Amino acid sequence: VGQYKAIIQRILAEYLESTPEEENIETFAVQDEKGGHYMLVETGWQYPHRIYNVVFHIRLKGDKIWIEQDWTERGVAYDLLAAGVSKDVIELSFQPPQVRPHIDWGLVAAS
C-alpha cells in the first residue's frame, strides 16, 4: 500500500491547486501519514451558514485504498484508476457493503 501514498498525495495536491477560491471559504488538505488518512476539507462561512465539508477522505487500510467519502464532481476513484491503481485495490466504503460487488467500474472509469 506504501506505493499508493505518492499517488494519493498527488491527487490531493491537484485538487487543492484546482479548487476555485471562494470568499470566506478556506480549502485545505489534512494528511495523517501514520494512520494513512488523506482529506480535502472546506471550512468557513456563507452567512448565515457555517461551512464544514469533507470533500473527500481516502484511507489506506490493509492492502486497500478505502474511499470513505467523495463529494467531488468526477470522483476520486476515477483519479486513482487513471493513475494506474487497479479497481481491485479500491473500496468505495461510502457505498453499502452489499452494493460494492455490483458497482459498474466501467461507469466509474467513464465519468
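These figures come from a predicted structure and were not determined experimentally.
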**Q** Search all heavy atoms of Glu33 against all heavy atoms of Tyr38 and return the closest pair with its distance.
**A**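 The pair with the smallest heavy-atom distance is OE1-OH, 3.2 Å.
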**Q** Assigning hydrophobic clusters by single linkage (Ile, Leu, Val, Met, Phe, Trp, Tyr; side-chain heavy-atom cutoff under 4.5 Å), is Ile90 placed with Ile7?
**A**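 Same cluster: Ile90 reaches Ile7 through Ile, Leu, Val, Met, Phe, Trp or Tyr contacts under 4.5 Å.
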**Q** I'd like to check Leu16 versus Leu12 (side-chain heavy atoms, cut-off strictly below 4.5 Å). Are they in contact?
**A** no
**Q** Side chains of Thr72 and Leu40, heavy atoms from C-beta outward: is any pair under 4.5 Å?
**A** no
**Q** In this structure, would Phe28 and Ile25 fall into the same cluster of hydrophobic residues linked by side-chain contacts under 4.5 Å?
**A**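 Phe28 does not cluster with Ile25.
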**Q** Can you check side chain to side chain contact (heavy atoms under 4.5 Å, CB included) on Leu81 and Lys87, steps first, answer last?
**A** CA-CA 7 Å; Leu81 291 170; Lys87 66 181 173 105; 3.9 Å; yes
**Q** Name the residue from Tyr15, Trp71, Trp66 that meets the ring pair (Phe, Tyr, Trp, His ring centres under 6.0 Å) definition with Phe56.
**A** Tyr15
**Q** Verify, without hydrogens or angle tests, whether Glu91 (side chain) and Lys64 (backbone) share a donor-acceptor contact under 3.5 angstrom.
**A** no
**Q** Calculate, to the nearest 0.5 Å, the distance between atoms OH and CZ belonging to Tyr4 and Arg10 respectively.
**A** 13.5 Å
**Q** Say you draw a straight line from CD1 of Ile65 to NZ of Lys5; how long is it, rounded to the nearest 0.5 Å?
**A** 12.0 Å
**Q** Do Trp45 and Val41 belong together in a cluster built from hydrophobic side chains that touch within less than 4.5 Å?
**A** no
**Q** Heavy atoms, side chains only, cut-off 4.5 Å: are Leu60 and Ile8 in contact?
**A**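 Result yes, sub-4.5 Å side-chain heavy-atom pair found.
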**Q** Assess the residue pair Gln95 and His102 against the criterion (side chain to side chain contact (heavy atoms under 4.5 Å, CB included)); give the C-alpha distance rounded to whole Å, side-chain angles, the decisive distance to 0.1 Å, and a yes or no.
**A** CA-CA 11 Å; Gln95 294 288 350; His102 307 290; over 6 Å; no
**Q** Going from CG on Leu80 to CD1 on Ile11, what distance comes out if it is rounded to the nearest 0.5 angstrom?
**A**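 It is 4.0 Å, given to the nearest 0.5 Å.
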**Q** So, applying side chain to side chain donor-acceptor pair (under 3.5 Å) with Ser93, which one of Arg59, Glu68, Lys61, His57 is it?
**A** Glu68
**Q** Same cluster or not: are Phe94 and Val85 linked, directly or through other Ile, Leu, Val, Met, Phe, Trp or Tyr residues, by side-chain heavy atoms under 4.5 angstrom apart?
**A**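 Phe94 and Val85: one cluster.
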**Q** Just by distance, do the side chain of Arg50 and the backbone of Gly44 share a donor-acceptor pair under 3.5 Å?
**A** yes
**Q** Is any side-chain heavy atom of Val76 closer than 4.5 Å to one of Asp79?
**A**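 A side-chain contact under 4.5 Å exists here.
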**Q** Under the side chain to side chain donor-acceptor pair (under 3.5 Å) definition, can you give me all pairs with a residue in residues 17-30, not counting sequence neighbours?
**A** Glu22-Gln46
